[in-house]
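Beneath this line is the structure, given in structure tokens, with notes to follow.
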Amino acid sequence: MARVVIASNRVTPPSARSGREGGLAVAVREALRRSGGLWFGWSGTVAEETPAEAEISRSGKITYATLDLGREDHAQYYTGYANSSLWPLLHYRMGLLEFERADFDGYMRVNRRFAATLAPLLKPDDIVWIHDYHLFPLGAELRALGAQNRMGFFLHTPFPPPAVMAVLPRHRLLIESVGAYDLAGFQTEGDAQNFRDCVVALNDGEHLSDGGVRASGRRVSVGTFPIGIDADAFTRMAEEAAASDENERLKESLVGRQLVFGVDRLDYSKGLPQRFEAYDRLLSRFPDQRSKVTFMQIAPVSRGEVSQYRQLRRELESLAGRINGRYAEFDWMPLRYLNKPFSRQVLAGFYRRSRIGLVTPLRDGMNLVAKEYVAAQEPANPGVLILSQFAGAAKELDAALIVNPFDVDEIAEAMNTGLTMSIEERKARWLAMIERVRGNSVSHWVDAFLKALDAVPAG
Ligand code: GDG
């Protein structure tokens, strides 16, 4: 079998693993675990200059090729264009989009540099799989250097429709660059369709009868590959975590109160202010719940160098203070708001302990927290998942309490419903969801993408 080469913005060699890897890193590791391969990308370190060559290390069957990013490259490519222009736009947040032409140039420059560093490491029959919005143009840059490999691209975020995409300055260059791939993969059919429509409406492309598109003169297959988790492993982790010291302490601290739980990177796509407002609304509209419930939100700081994220942090601090100030009793703190990260194992135990999992992003490619929450539940006494209709996961987990995350009253009502739901209904909803989560594992996702890439007709 051909070697798989994966490129993603951030690479975490075993030496740099913190037990806090996000969904993408877990998925990439899974993709390379069985047959081995090469993982290429940024080391996570900011240096004076971006070096010309990658640092190579090996662990088991995986070879890691990483490079540091120079200060200016990091500021323009990562903080600038990727996270201040692309991320908000891809999440339909036009009002948050900031654009600087110098950042766009930096983004293209880093992708070119990545291509020049990766190209000499490629063998002719390698299969190349490029991940996420940081690296849209990497395939085209590799092609420009002569790479003829089979190349696929997977976008972990949503993809917006043409009217939204058109707001992004230089969008044409970006969409054009996707023409270099043999396969473009998305989380949901809606995202895939938006991509096809953008190619046609914004880049003179053409719909093909097999669901692909003709873009920049090349045919690109387009597919939907909803990412999953290793549900059985997560369930085992949650079972073990239930007996851990942290979980015992959490249980004691709750003194019999029901736990509402959320964990998200501190990101404006996750709908945290609306979630806090909804909890306030629960306590004001359903006063019986006061003193009987505790909401714990874990939100590790993310992208703290981007101004919109710093502003969000201030907003949440103010909301948390207001809620606790308004409702707290001398023996009850309604909201526990934590900015620090926890290990996956501890999180798994917290999911299992909670009566409600709150997953209410305003827009999300998939949202793995929703799937982890389901996998962590105790079959005899499962909790209730409240899930945004705008998370990709809502397509599969339609047995959750589905809410519009902009409607704080609807979230508050769903919380009250979840807190008072019968055990029979909780079990029925959970059974429907765990079946879906188990049926679409991360290894299934890897196999489906690589099989589709392999099956792309030549030319
Ligand atoms: C992108 C897309 C898509 C969170 N806090 C801690 C922690 N986490 C873990 C969660 C989960 C992961 O991070 C977050 O994954 P999500 O899918 O929820 O969200 P993004 O980070 O935005 O991921 C998303 C995903 O890519 C995969 O394609 O689903 O839509 O935006 O695994 O558990 N993990 C640890 N400590 C924390 O404090 N250990």
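Read the numbers this way: they start at 1 and go in the same order the structure lists the ligands and their atoms.
- Taking only nitrogen or oxygen atoms, main chain and side chain alike, H91 does not reach within less than 3.5 Å of ligand 1.
- Atoms of ligand 1 lying under 4.0 Å from at least one heavy atom of P341, given by number and element, are 38 (O).
- Ligand 1 has an N or O atom lying under 3.5 Å from an N or O atom of K270, backbone or side chain.
- Ion pairing between R143 and D182 holds under the 4.0 Å rule for side-chain N and carboxylate O.
- Using a 3.5 Å distance cut-off with no hydrogens or angles, the side chains of R109 and Q76 do pair a donor with an acceptor.
- Taking only nitrogen or oxygen atoms, main chain and side chain alike, I298 does not reach within less than 3.5 Å of ligand 1.
- Atoms of ligand 1 lying under 4.0 Å from at least one heavy atom of R265, given by number and element, are 20 (P), 21 (O), 22 (O).
- If you check each of F350, F342, Y351 against atom 36 (N) of ligand 1, the one with the closest non-hydrogen atom is F342.
- E30 and R33 are joined by a salt bridge, as a carboxylate oxygen and a charged side-chain nitrogen come within less than 4.0 angstrom of each other.
- Within the 4.0 Å heavy-atom criterion, the part of Q187 lying near ligand 1 is the side chain and not the backbone.
- The pair R150-D454 does not count as a salt bridge, with every side-chain nitrogen at least 4.0 angstrom from each carboxylate oxygen.
- Atoms of ligand 1 lying under 4.0 Å from at least one heavy atom of W87, given by number and element, are 31 (O).
- A cation-pi arrangement is absent between R93 and W87 under the rule of less than 6.0 angstrom and at most 45 degrees off the ring axis.
- Close approach to P300 involves these atoms of ligand 1, each under 4.0 Å from a residue heavy atom: 5 (N), 38 (O).
- A donor-acceptor contact under 3.5 angstrom links the side chains of T12 and R29, judged on distance only.
- For the ring-ring contact (aromatic ring centres under 6.0 Å, His included) test, residues two or more places apart in sequence or in another chain that qualify with F295 are F276, Y279.
- Using a 4.0 Å cut-off to heavy atoms of D364, the atoms of ligand 1 that qualify are 2 (C), 24 (C), 30 (O), 31 (O).
- Within ligand 1, the atoms closer than 4.0 Å to a non-hydrogen atom of V369 are 10 (C), 18 (O), numbered from 1 in the order shown.
- Residue contact check for ligand 1: F225 places no non-hydrogen atom closer than 4.0 Å to it.
- With hydrogens and angles disregarded, no donor-acceptor distance shorter than 3.5 Å links the side chain of R426 to the backbone of V384.
- Ion pair K427/E378 not flagged as a salt bridge, since none of the NZ, NE, NH1 or NH2 atoms sits closer than 4.0 Å to an Asp/Glu carboxylate oxygen.
- Residue-level proximity to ligand 1 for S343 is carried by the backbone, the only part with a heavy atom below 4.0 angstrom.
- Those atoms of ligand 1 that come under 4.0 Å of a heavy atom in V263, given as number and element, are 4 (C), 5 (N).
- Between E372 and ligand 1, at least one N/O pair is under 3.5 Å apart.
- Legend: residues meeting ring-ring contact (aromatic ring centres under 6.0 Å, His included) with F159, ordered by chain and number and at least two apart, are F186, F195.
- Ligand 1 has a nitrogen or oxygen under 3.5 angstrom from a nitrogen or oxygen of M366.
- If you look at W42 and Y78, their ring centroids are closer than 6.0 Å.
- Ligand 1 has no N or O atom lying under 3.5 Å from any N or O atom of K340, backbone or side chain.
- Using a 4.0 Å cut-off between heavy atoms, L347 contacts ligand 1 through its side chain alone, with no backbone atom that close.
- For T157, the heavy-atom gap to ligand 1 stays at 4.0 angstrom or more.
- Closest approach of V346 to N247, counting heavy atoms only: O-ND2, 4.2 Å.
- Short contacts between ligand 1 and L368, defined as distances under 4.0 Å to a heavy atom of the residue, involve ligand atoms 16 (P), 17 (O), 18 (O), 27 (C), 29 (O).
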